[in-house]
Amino acid sequence: MPELPEVETVRRGLEKLIVGKKIINISSDWQKSLPITDNEINNSIKNHEIVSIGRRGKLLIIGLDNSRSLLIHLRMTGQMVYRSESYRFGAGHPNDSLIGKLPDKSTRVIMELDNGSRLFFNDQRKFGFINISENSKINQIPFLNKMGPEPLSQDFTYKIFKARMKNRANSQIKAVLLDQKVIAGIGNIYADESLWMAKIHPLKKVLEISEAKQRALYESIIEVLNTSIEKGGSTDRNYVDAEGKKGSYISFAKVFRREGKKCYRCGKTIIKIRAAGRGTHLCPNCQRI
DNA sequence: CACTTGACCTGTCCGC
DNA sequence: TGCGGACAGGTCAAGT
C-alpha cells in the first residue's frame with residue numbers, strides 16, 4: 001500500500017513518538033513478519049534504545065544504539081501504530097482512525113517500549129516485514145543498494161532524472177515509474193497522478209516522450225509527492241499513520257480511483273486500463289498514446 | 001532486454 | 001445467503 005508519502009508520514013510520526021525509548025520486547029506469531037532469530041532479538045534488540053527513524057524509498061529504518069537498524073517494509077497493507085500506556089486502560093482511539101483496539105486480528109508484531117507504550121505492526125496480507133541489519137551492511141542489501149535516487153532530495157535534479165529515463169528508453173513509462181531501481185518510492189497512486197499532471201499516457205514508451213513532457217513529468221513527481229505528504233498521505237483502504245489516523249490525499253487525487261468521473265482539466269471521462277500489470281487510471285483526452 | 005505471470009496472503013466486492 | 005472470481009497501494013523469481 002504505502003508509497004513514499006505514506007512511509008514518510010509514518011516516519012515523522014514515529015520520530016516524535018519513539019526516539020529515545022528503549023525496546024523491552026518484540027514478538028510475533030507469524031515468522032515471516034519478523035524473520036529474526038530469538039538469539040538476535042535477545043542480543044541486539046531487547047534493552048536497546050531507538051536513536052533515529054529514517055526512510056529510504058518505501059523502507060522505514062529504525063536506528064538502534066548498537067549500530068543496528070530495524071528495516072520495516074509495509075508492502076501492501078502494513079501499518080505501524082503507536083499506542084501509549086493509557087490505551088491499555090481504556091483510552092479511546094482517534095475518531096479518524098480505521099482501527100480500534102489493538103492488538104487485533106491483523107497484528108503481526110508487537111514491540112513494547114520502556115514507558116509502557118507499544119508499537120503494533122499490523123499487516124492484513126502478511127507481505128510486509130520487520131528485519132534487522134548491521135548499519136555497515138545496509139548498503140549491501142540488494143534491494144537497497146540498487147534503489148534509485150530519492151525524488152525529494154536536492155540531488156534529484158532534472159539532469160539525473162533524464163539520464164535515468166534514457167536508460168529505459170524502450171519501456172513503458174508507467175513500468176519505469178514503478179521500478180524502484182529507477183526512482184525510489186513511487187507506487188501505483190503517484191505514478192498515475194504524476195502522469196496525469198504531465199499529460200502523458202501511461203503506455204507511452206520513454207523514447208516517444210518529448211523533452212518538454214519529460215520535464216513536466218519530473219516536476220509533477222516532486223509536486224505530487226510533496227502535496228501528498230502535506231495531506232498526510234493517501235488512505236484508500238488500509239493506510240494509517242503512526243497514531244492510527246487516515247491520510248487525506250485520496251480526496252485530492254486527480255485520476256486515481258476516479259474511473260467513470262470527469263477529468264478536472266477537460267471534463268472527459270476518466271478510464272481505467274491495465275499497464276505494467278496494474279490498474280491504471282487516466283484521462284483519454286489529456287493523455288494521448 | 002522488456003514484459004507478463006505467478007507467488008506471497010487476506011479481505012472485499014460484484015455477479016449469479 | 002452462498003459461492004466463485006477478480007481485484008487490491010509491493011516486490012521478486014521465473015518464463016516468454
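Chain identifiers are assigned alphabetically (A, B, ...) following the order of the sequence lines, protein sequences preceding nucleic acid strands; residue numbering begins at 1 within each chain. Note: hydrogens, waters and symmetry copies are ignored here, and every other heavy atom, side chains too, is used.
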Phosphate OP1/OP2 of C/dC7: any A/K272 side-chain N/O under 4.0 Å: no

Side chain of A/R168 (C-beta onward), nearest among B/dC3, B/dC9, C/dT11: B/dC3

Rounded distance in Å - CZ (A/F256) to P (C/dA8): 8 Å

Length of the line joining A/N238:CG and B/dG11:P, which is rounded to integer Å: 10 Å

Any A/R274 side-chain N or O less than 4.0 Å from OP1/OP2 of C/dA8: yes

Among B/dC8, C/dA8, B/dC3, the nucleotide that comes nearest once only the side chain of A/M76 is considered: C/dA8

A/R215 with A/E211: basic N within carboxylate O range, under 4.0 Å: no

Value in whole Å for how far the C1' atom of C/dA13 lies from NZ of A/K181: 12 Å

Face-to-face stacking of A/F143 with C/dT11, centres under 5.5 angstrom, angle under 30°: no

No-H, no-angle donor-acceptor pair, A/R278 side chain to C/dA8 base, under 3.5 Å: no

Selection from B/dC8, C/dG10, B/dA2 that lies nearest to any side-chain heavy atom of A/S171: B/dA2

Euclidean distance, atom CZ of residue A/R75 to atom P of B/dT10 [Å, nearest integer]: 15 Å

Nucleotide B/dC9, atom C1' - distance to NE2 of A/H73 in whole Å: 16 Å

Given B/dT10, B/dC3, C/dG10, the nucleotide with the shortest approach to the side chain of A/Q124: B/dT10

Donor-acceptor pair between A/N188 and A/K174 side chains, under 3.5 angstrom: yes

Pair A/R108 + A/D29: basic N to acidic O under 4.0 Å: no

Sugar-phosphate, base or nothing in reach of A/Y190, heavy atoms under 4.0 Å: nothing

Under 4.0 angstrom between A/K32 side-chain N/O and B/dC9 OP1 or OP2: yes

N-O pairing of A/D123 and A/R75 below 4.0 Å: no

Atom pair distance, as rounded to whole Å: CG in A/N188 and P in C/dT11: 11 Å

Heavy-atom closest contact (A/I186 atom, A/A191 atom, distance): CG2-N, 3.6 Å

Rounded interatomic separation in angstrom, taking CZ from A/F129 and C1' from B/dC8: 13 Å

A/K58 side-chain N/O to C/dG10 phosphate OP1/OP2 under 4.0 Å: yes

G-U wobble or Watson-Crick pairing nucleotide for C/dT11 (cut-off 3.5 Å, both distances): B/dA7

Integer-rounded Å distance: B/dG11 C1' and A/Q79 CD: 13 Å

Distance below 4.0 Å between A/Q180 side-chain N/O and C/dT11 OP1 or OP2: yes

